[in-house]
Amino acid sequence: MQRHLISAADLTRDDAVLILDTAEEMARVADRPIKKLPTLRGRTIVNLFFEDSTRTRISFEAAEKRLSADVINFTAKGSSVSKGESLKDTAQTLEAMGVDAVVIRHGASGAPYRLANSGWIDAAVINAGDGTHQHPTQALLDAFTMRRRLVGRDAGIGQDLAGKRITIVGDVLHSRVARSNVDLLHTLGAQVTLVAPPTLVPVGVETWPCEVAYDLDSTLAKSDAVMMLRVQRERMNAAFFPTEREYSRRYGLDGDRMARMPEHAIVMHPGPMVRGMEITAEVADSDRCTVVEQVANGVSIRMAVLYLLLGGNEPAVSHTRTEEK
């Protein structure tokens with residue numbers, strides 16, 4: 001493993017499978033009466049969030065505390081950032097406090113890379129989402145969920161997603177989740193198809209390791225997993241489609257469309273969902289939808305990433321000591 005996790009494209013197949021296998025070990029900890037490991041005791045981790053977040057911030061915090069790290073939560077609102085403090089000054093403040101790792105979410109694409117390579121701070125940097133660029137731990141938890149559902153918990157150990165067909169639908173243009181998933185799923189051997197209105201497909205997508213389609217119905221029957229993306233209105237500065245109703249009719253997943261998917265296929269969503277827009281309540285609440293499962297898996301994946309970046313070479317979970325009944 002490298003020192004930082006900035007982009008899903010930086011991971012080799014072996015790196016990705018190691019993280020997924022370590023996350024499987026971490027998931028077993030969640031089934032224990034006491035969900036704690038002493039692995040990162042004495043390490044200080046800062047959650048540096050310049051953008052709003054619910055799932056990612058809470059998930060990282062839960063992962064850090066389960067590994068016994070000391071956690072500092074930083075939000076831009078209510079900090080000196082609102083007074084005009086730069087990322088450099090914030091980083092140097094954290095360096096002076098002696099932090100061991102920084103989990104950063106930022107509205108500007110490239111901010112985590114800048115933090116990791118600037119020399120401002122001597123700490124591991126984990127990208128929790130930067131602009132429309134990357135969100136590597138989201139891609140990892142999505143791949144972990146797919147492997148568990150499509151290959152099996154025990155059968156999946158050491159395995160990738162070779163031959164699996166994944167369809168990603170929606171606002172690809174503004175989605176860091178789509179970019180990260182295309183990179184990681186390609187590395188793991190899956191075949192990815194992006195489905196979106198032409199106005200929501202990025203320039204240069206032909207260079208990405210995936211296919212592009214504009215008709216959702218034509219892709220459903222051959223998909224092992226369908227991932228719906230939220231329309232990110234907060235990043236839009238133009239009209240990308242005529243009406244919400246028309247978008248939902250052409251690119252929304254409802255019960256009829258879900259019925260055309262193979263029986264084993266799953267429905268995914270990185271959250272937050274906009275019910276009635278890209279996904280109906282019927283689909284969101286069905287057994288085939290893995291949204292809640294993805295949140296649970298996110299804690300395991302982030303524990304695995306933190307452990308591998310900071311924890312050393314010992315086994316993640318010791319099996320020598322018998323647990324008390």
Take Asn297 and Thr145 through the test side-chain hydrogen bond (donor to acceptor under 3.5 Å, both in side chains) and record every step on the way to the result. CA-CA 7 Å; Asn297 290 341; Thr145 304; 2.9 Å; yes

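- Side-chain contact annotation: Asp15 with Thr12, donor-acceptor N/O pair under 3.5 Å present.
- Residues passing the side chain to side chain contact (heavy atoms under 4.5 Å, CB included) test with Asp89 are Glu85, Ser86, Gln92, sequence neighbours excluded.
- With sequence neighbours excluded, no residue forms a salt bridge (Lys or Arg N to Asp or Glu O under 4.0 Å) with Arg57.
- Sorted by first and then second residue, the pairs that involve residues 110-127 and meet salt bridge (charged side-chain N to carboxylate O under 4.0 Å, His left out), not counting sequence neighbours, are Arg3-Asp122.
- Listed here is the closest heavy atom pair of His4 and Val125: ND1-N, 2.9 Å.
- More than 12 non-hydrogen atoms from other residues, nucleotides or ligands lie less than 6.0 angstrom from NZ of Lys35.
- Evaluation of the salt bridge (charged side-chain N to carboxylate O under 4.0 Å, His left out) test over residues 277-286, restricted to residues two or more places apart or in two chains, returns Arg275-Asp285.
- The salt bridge (Lys or Arg N to Asp or Glu O under 4.0 Å) search around Arg179 returns none, not counting sequence neighbours.
- The shortest heavy-atom contact between Asp130 and Pro112 is CB-CD, 3.4 Å.
- By the salt bridge (Lys or Arg N to Asp or Glu O under 4.0 Å) test, Lys36 pairs with no residue at all, sequence neighbours left out.
- Open room surrounds CZ on Arg153; 12 or fewer heavy atoms of other groups in view lie less than 6.0 Å from it.
- Under a 3.5 Å cut-off, the side chain of Gln134 and the backbone N or O of Ala8 do form a donor-acceptor pair.
- In terms of the side chain to side chain donor-acceptor pair (under 3.5 Å) criterion, residue partners of Arg149 (sequence neighbours excluded) are, by chain and number, Glu293.
- Judged as a salt bridge (charged side-chain N to carboxylate O under 4.0 Å, His left out), the pairs with a partner in residues 254-267 (not counting sequence neighbours) are, in order, Asp217-Arg257, Asp217-Arg260.
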Test salt bridge (Lys or Arg N to Asp or Glu O under 4.0 Å) on Lys65 and Glu61; report intermediate values, then the result. CA-CA 6 Å; Lys65 289 181 176 177; Glu61 187 175 349; 2.8 Å; yes

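- Within 6.0 Å of atom CG in Asp31, more than 12 heavy atoms from other residues, nucleotides or ligands are found, so the atom counts as buried in its surroundings.
- The backbone N or O of Ala265 sits less than 3.5 Å from a side-chain atom of Arg288, completing a donor-acceptor pair.
- Shortest non-hydrogen contact noted between Val231 and Met277 is CG2-CE, 3.8 Å.
- Counting only distance, with no hydrogens or angles, the side chain of Thr56 and the backbone of Ser53 share no donor-acceptor pair below 3.5 Å.
- Closest approach of Ile166 and Leu185 over heavy atoms only: CG2-CD1, 3.9 Å.
- Nearest approach of Gly298 to Leu141, heavy atoms of both residues: CA-CD2, 3.7 Å.
- Applying the 6.0 Å contact sphere to CG of Asp215 captures more than 12 heavy atoms from other residues, nucleotides or ligands.
- Ser180 places a side-chain N or O within 3.5 Å of a backbone atom of His135 that can act as its donor or acceptor partner.
- When atom types are taken as modelled, the side chain of Asp160 and the backbone of Gly189 share no donor-acceptor pair closer than 3.5 angstrom.
- Between Arg230 and Asp171 there is no salt bridge, since no side-chain nitrogen of the basic residue lies less than 4.0 Å from a carboxylate oxygen of the acidic one.
- Judged as a ring pair (Phe, Tyr, Trp, His ring centres under 6.0 Å), and not counting sequence neighbours, the contacts of His106 are Phe50.
- Salt-bridge annotation for Arg148 and Asp154: absent, with no side-chain N of the basic residue lying under 4.0 Å from a carboxylate O of the acidic one.
- In terms of modelled atom types and a separation under 3.5 Å, the side chain of Asn127 and the main chain of Ser7 share no donor-acceptor contact.
- Between Glu24 and Arg28 there is no salt bridge, since none of the side-chain N atoms of the basic residue sits less than 4.0 Å from a carboxylate O of the acidic one.
- With hydrogens and angles left out, the side-chain atoms of Gln294 and Asp142 include a donor and acceptor closer than 3.5 Å.
- Applying the ring pair (Phe, Tyr, Trp, His ring centres under 6.0 Å) test to residues at least two apart or on different chains, none of the pairs has a partner in residues 177-225.
- With sequence neighbours left out, Asp100 forms a salt bridge (Lys or Arg N to Asp or Glu O under 4.0 Å) with no residue at all.
- Closest of all the heavy-atom pairs between Glu95 and Ile121 is OE1-CG1, 3.3 Å.
- Shown here are the ring pair (Phe, Tyr, Trp, His ring centres under 6.0 Å) partners of Tyr251, two or more places apart in sequence or in another chain: Tyr247.
- Both tests pass for Arg302 against the ring of Phe60: distance under 6.0 Å to the centre and angle within 45° of the axis.
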